[in-house]
Amino acid sequence: MTIDAYINPDFTRDQKLTFLAMAFGLIILSVFVILGGVKVSVGFIPKSERRAARYDNSHNRVQRFYEMIISATSVMSFSCAYVIINHIYNVLMNEVGSEEFLRFQGFVNVWENGKDFILLLLICLSCILNTILDKFFIPLKKLKKEEKACVRMLAMFYAIIILMYLNNIGDEDAYNPVMMYYLGLMIGRFVYFDASFVDFIAALKNMLKNIYLLIFALLTTGILCYIGFSREYLLERNYIIVGVFYTHLFMLVAVFVLHNSHILHLLVRKPRNYDELTGDEEDDDDEAYEEESYEEAYDEYDAGDTYDDYDEEYEEYDNYE
């Protein structure tokens, strides 16, 4: 099996650039819709706080959308890997007794006996890939850990929706195991052994609050996949999930360029009095005051005052004895 068996070798460079431009356009359109929603939402807060709130909310929500694309790509990458490995296994099983089967018999035995554990390992690797992308390639500094966790959970739900759709138009045996694993992880996120009803409601509220990210991601993926398959950039015979993952790579490149070019900072600029409105300036003053106090204390100690006082007390104690 070669890589040409899973991609379209006739997908030319010009077509790839066109497809990438479409990915840019759809992601930028989603960003503008998000910014428009933020502009409307901040209209209900006091005018003095409006610009700072718009700056914070705009960058936070756009980065949440970027995190959705990153997480979706990570999840789909190892879903795709599982389907490809399983497909190779099925091809080899159809050639039992042939020279090629004997050459890969070790792989066949490992896959038959441990494919569930391999799938679990692939899911763990997808989490590691997600962290690497967040940390080194597309650092999203405006997001808290809780927000990232919520978006990553939505990415699993996103994968389940796509796999459910692929089940209706493709081979159920290829997608069902992956879908069931992600469904189990989703349920585990909501219902765990020491979870209370309040925790369940809180997790559900966080997911519903970010549901628009799921909608934007599905629309972007759906439109790009429709264009890709209709123009034969992507081929159905190579497993549709491979084309879906290939689409996510283009979306990920678009997010990488948009985030690291800091275009959003030109669209939504930081207010001049941002530090005053958010209280950062007071925190800086407190830190400066603490540093100054430490320096004064050190100078005092260095001058020998504290040490001399201690010597005098110690001598008095000796005389007393």
Side-chain angles (χ1 to χ4, degrees), residues 11-42 50-77 126 128-145 147-148 150-152 154-155 158 210 212-225 227-228 233 244-275 277-278 280:
F11 193 11
T12 64
R13 185 179 62 180
D14 292 339
Q15 290 174 337
K16 290 176 182 177
L17 291 175
T18 302
F19 199 52
L20 180 61
M22 293 177 184
F24 267 107
L26 289 171
I27 290 176
I28 289 172
L29 178 62
S30 298
V31 168
F32 273 109
V33 173
I34 292 172
L35 294 179
V38 171
K39 187 174 182 180
V40 172
S41 64
V42 299
R50 197 170 297 170
R51 291 192 65 188
R54 185 185 175 193
Y55 173 81
D56 284 333
N57 292 344
S58 296
H59 286 266
N60 179 271
R61 294 186 186 182
V62 169
Q63 288 194 11
R64 270 188 268 173
F65 177 63
Y66 290 165
E67 176 65 24
M68 185 70 200
I69 302 298
I70 295 169
S71 300
T73 305
S74 301
V75 169
M76 293 307 298
S77 64
S126 71
I128 295 173
L129 176 62
N130 198 339
T131 303
I132 291 173
L133 290 172
D134 279 345
K135 184 82 173 176
F136 299 105
F137 295 96
I138 310 175
L140 304 175
K141 298 180 180 180
K142 289 289 184 178
L143 299 185
K144 299 177 181 178
K145 289 183 179 180
E147 292 172 330
K148 286 186 177 182
C150 181
V151 174
R152 291 182 182 185
L154 276 175
Y158 165 95
N210 292 281
Y212 68 94
L213 301 172
L214 176 67
I215 295 172
F216 288 154
L218 286 173
L219 286 174
T220 303
T221 303
I223 294 172
L224 285 174
C225 285
I227 294 172
Y233 297 163
V244 174
F245 168 64
Y246 209 43
T247 301
H248 281 82
L249 291 181
F250 284 87
M251 294 164 59
L252 187 64
V253 171
V255 168
F256 172 80
V257 174
L258 289 173
H259 180 69
N260 290 293
S261 62
H262 302 290
I263 293 176
L264 186 59
H265 290 273
L266 299 177
L267 297 174
V268 184
R269 297 191 176 186
K270 186 177 181 180
R272 292 182 178 178
N273 60 339
Y274 178 81
D275 293 337
L277 294 173
T278 57
D280 289 346

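- Note: Arg64 CZ to Asn210 CG = 4.5 Å, rounded to the nearest 0.5 Å.
- For the atom pair CZ (Phe19) and CD (Gln15), the distance works out to 10.5 Å, reported to the nearest 0.5 Å.
- Here the shortest heavy-atom pairing between Arg269 and His265 reads CG-O, 3.2 Å.
- A heavy-atom distance below 4.5 Å is not found between the side chains of Phe65 and Val255.
- A distance of 10.0 Å separates CD of Gln63 from NZ of Lys141, quoted to the nearest 0.5 Å.
- If you run side chain to side chain contact (heavy atoms under 4.5 Å, CB included) between Tyr158 and each of Leu218, Ile215, Val151, only Leu218 comes through.
- Note that CG of Leu258 is 11.0 Å distant from CD1 of Ile69, once rounded to the nearest 0.5 Å.
- Annotation: side chain of Thr73 is not in contact with side chain of Leu129 (no heavy-atom distance under 4.5 Å).
- Considering only heavy atoms from C-beta on, Met68 stays 4.5 Å or farther from Tyr212 through its side chain.
- Nearest heavy atom pair, residue Phe137 against residue Asn260, reads O-ND2, 3.1 Å.
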(request) Apply side-chain contact (heavy atoms from CB on, under 4.5 Å) to Ile70 and Leu140, showing your working. (result) CA-CA 11 Å; Ile70 295 169; Leu140 304 175; 4.1 Å; yes
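- In terms of heavy-atom proximity, Cys225 sits nearest to Thr247 at SG-OG1, 3.6 Å.
- In this structure the side chain of Leu133 never reaches within 4.5 angstrom of the side chain of Phe256, judged on heavy atoms.
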(request) I would like to know whether Asp56 and Lys142 meet side-chain contact (heavy atoms from CB on, under 4.5 Å); could you show each step before the answer? (result) CA-CA 8 Å; Asp56 284 333; Lys142 289 289 184 178; 4.2 Å; yes
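- Taking the six-membered ring where the residue is Trp, Phe11 and Phe250 present tilted rings, their angle falling between 30° and 60°.
- Across Lys39 and Val42, no two heavy atoms sit closer than the pair O-CG2, 3.4 Å.
- Here the closest heavy-atom approach between residue Arg54 and residue Val38 is recorded as O-CG1, 3.9 Å.
- When all heavy atoms are compared, the tightest approach of Ser58 to Leu35 is CB-CD2, 3.5 Å.
- If you take CZ on Phe32 and CD1 on Ile27, they are separated by 13.5 Å, rounding to the nearest 0.5 Å.
- A donor-acceptor pair under 3.5 Å is absent between the side-chain atoms of Asp134 and the main chain of Ser71, judged by distance alone.
- Within the model, atoms CG of Leu249 and OH of Tyr246 stand 7.5 Å from one another, a figure rounded to the nearest 0.5 Å.
- His248 places no side-chain N or O within donor-acceptor distance of the main-chain N or O of Val75, the cut-off being under 3.5 Å.
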(message) Using the rule given for side-chain contact (heavy atoms from CB on, under 4.5 Å), can you reason through Arg61 versus Leu213, listing the C-alpha separation, both sets of side-chain angles and the distance that settles it, and then say yes or no?
(response) CA-CA 9 Å; Arg61 294 186 186 182; Leu213 301 172; over 6 Å; no
